[in-house]
Amino acid sequence: MHDTVWFEIQGIPSVMMASDEFVDAAEAQAGSLGLPAMARAFVDHPIQDATDEELHAKADAVIDEVIAALID
């Protein structure tokens, strides 16, 4: 989250990504860091024990959302 804020402050469009377990925490932290409208994308939880194929599927599920946020 802090990296995303830093990039945004530098004028570099960014999207914070995490698993959907952290939706509420991301919303709270984005607000406390001064960027409540920060672009965020969430993949299905969990990710730490996912296979390469599962990770690719999770990424495929949000890629359009990430691209849209970056060009918006």
Suppose clustering is done on Ile, Leu, Val, Met, Phe, Trp and Tyr with side-chain heavy atoms closer than 4.5 Å. Which residues sit in the same group as I12?
W6, F7
Quick one: side chains of residues 31-42, donor-acceptor pairs under 3.5 Å with protein atoms, not counting sequence neighbours, listed by atom name and distance.
from : atom 1 : to  : atom 2 : distance (Å)
S32  : OG     : Q29 : O      : 3.0
R40  : NH1    : P36 : O      : 3.4
R40  : NH1    : M38 : O      : 3.1

M16, V23: one ILVMFWY side-chain cluster at the under-4.5 Å cut-off?
yes
Taking only residues at least two apart or on different chains, which pairs with a member in residues 11-24 satisfy side chain to side chain donor-acceptor pair (under 3.5 Å)?
S19-H45
Of all residues at least two apart in sequence or in a different chain, which pass the side-chain contact (heavy atoms from CB on, under 4.5 Å) check with L70?
P13, V15, V66
Have a look at E65 and tell me which of I67, I63, V62 forms a side-chain contact (heavy atoms from CB on, under 4.5 Å) with it.
V62
Distance, nearest 0.5 Å, that separates OG1 of T4 from CD1 of I9
11.0 Å
Considering residues at least two apart in sequence or located in another chain, which fulfil the side-chain contact (heavy atoms from CB on, under 4.5 Å) criterion with A50?
E54, L55, K58
Under a side-chain separation threshold of 4.5 Å, the hydrophobic residues clustered together with F22 are none
